[in-house]
Amino acid sequence: MIPLSLFLFASALILAAGVSGATARQQQGCATPVYENGLDLVFGRGSRAAADKIAQQAVTVGFKGVKTVQESCTRWKAVLRGLDSFSTAVGVQAEARTVRRFPTIECVTSDQTGQLQAIFGTLPTIGELNVVIAKANSVGYIGLKIKRAPCGGYQAYVAGFSDKAQAFEFAQTASERTGLHVTVIKA
């Protein structure tokens with residue numbers, strides 16, 4: 001009788017662990033994907049209905065781009081996405097305060113695709129980044145791409161490496177040739 005009760009207890013523990021693991025995996029897939037780095041102005045969070053109401057209120061007082069996005073399986077947020085500089089985000093936040101809205105500024109990083117990138121520079125504006133690109137171009141690094149940097153600003157980068165060793169060797173050589181501090185990230 002005792003071995004049967006131990007077997008049933010152990011089975012219950014295994015089943016409970018499997019169910020909680022499945023729940024955790026399901027919750028990981030609930031958030032709205034982020035495709036581009038930048039800054040969010042978050043007007044509020046809550047249930048879907050609460051976030052929809054907050055978003056509608058923000059739109060009503062002039063913030064036309066505010067949308068409701070899913071943050072987790074049970075939590076949503078009313079957010080203005082795509083701000084590319086901290087100073088812009090602070091300006092919009094100050095404007096919101098004049099109509100009794102108190103959004104927070106949050107850094108948003110895009111979901112990783114696993115791509116290795118050599119970053120030639122991160123600067124607040126594309127104009128400033130063009131100086132870095134010109135310097136890289138002058139020693140043969142032509143065709144650098146530009147993307148938004150996490151938390152505002154822009155980055156000049158090269159991608160397409162087959163492995164980490166190749167990326168780090170490229171970054172070291174590029175640093176020596178350009179005089180820039182070229183780093184490698186996994187984006």
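Here the structure is a predicted model, which is why all the values come from computation and not from measurement. Residue numbers run from 1 in the order of the sequence given.
Both Leu180 and Phe170 are part of a single hydrophobic cluster, where members link through side-chain heavy atoms under 4.5 Å apart. Transitive grouping of hydrophobic side chains (ILVMFWY, heavy atoms separated by less than 4.5 Å) brings Tyr141 and Val158 into a common cluster. Cluster membership check: Tyr154 does not share its hydrophobic cluster with Val34, using side-chain heavy-atom separations under 4.5 Å among Ile, Leu, Val, Met, Phe, Trp and Tyr. Tracing side-chain contacts under 4.5 Å through hydrophobic residues (I, L, V, M, F, W, Y), one reaches Phe63 starting from Val59; they form part of the same cluster. Grouping the Ile, Leu, Val, Met, Phe, Trp and Tyr side chains by contacts below 4.5 angstrom, directly or via other members, places Leu80 with Val90.
Of the possible polar contacts, one joining the Ser175 side chain to the Val182 backbone as a donor-acceptor pair under 3.5 Å is found. Judged purely by atom type and a 3.5 angstrom limit, Gln93 has no side-chain atom pairing as donor or acceptor with the backbone of Leu41. Within the 3.5 Å criterion, the main-chain N or O of Gly82 finds a donor-acceptor partner in the side chain of Arg148. The closest donor-acceptor contact from the side chain of Asp163 to the backbone of Ala165 lies under 3.5 Å.
Note: Leu83 CG to Thr88 OG1 = 7.0 Å, rounded to the nearest 0.5 Å. With rounding to the nearest 0.5 angstrom, the CZ atom of Arg48 is 13.5 Å from the OG1 atom of Thr74. Distance check, rounded to the nearest 0.5 Å: CG of Leu129 to CD of Gln155 gives 8.5 Å. Expressed to the nearest 0.5 Å, how far CZ of Arg75 lies from OG of Ser47 amounts to 10.5 Å. Residue Ile105 holds its CD1 atom at 7.0 Å from CG of Leu39, rounded to the nearest 0.5 Å. For the atom pair CG of Leu116 and OG of Ser162, the computed distance is 9.0 Å after rounding to the nearest 0.5 Å.
Between Asn137 and Gly143, the shortest heavy-atom distance links the atoms OD1-N, 4.2 Å. Nearest approach of Ala78 to Ala51, heavy atoms of both residues: CB-O, 3.6 Å. Listed here is the closest heavy atom pair of Val66 and Ala58: CG2-CB, 3.9 Å. Residues Phe161 and Ala118 come closest through the heavy atom pair CE1-N, 3.7 Å. Closest of all the heavy-atom pairs between Ala159 and Gln117 is CB-CG, 4.1 Å. Smallest separation of non-hydrogen atoms from Cys30 and Ser72: CB-C, 3.7 Å.
Between the side chains of Glu169 and Thr173, no donor N or O sits under 3.5 Å from an acceptor N or O.
Contact of the Val69 side chain with the Arg81 side chain is registered, since non-hydrogen atoms from C-beta on lie closer than 4.5 Å. The shortest side-chain heavy-atom distance between Thr60 and Gln56 falls under the 4.5 Å cut-off. Residues Asp52 and Trp76 form no side-chain contact, since every pair of their non-hydrogen atoms from C-beta on lies 4.5 Å or further apart.
In the displayed structure, Phe86 atom CZ is contacted under 6.0 Å by at most 12 heavy atoms of other residues, nucleotides or ligands. In Lys147, the NZ atom is crowded: over 12 heavy atoms of neighbouring residues, nucleotides or ligands sit closer than 6.0 Å.
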Any chance you could lay out the side-chain contact (heavy atoms from CB on, under 4.5 Å) test for Ile133 and Ile146, step after step, and finish with the verdict?
CA-CA 9 Å; Ile133 292 170; Ile146 297 174; 3.6 Å; yes
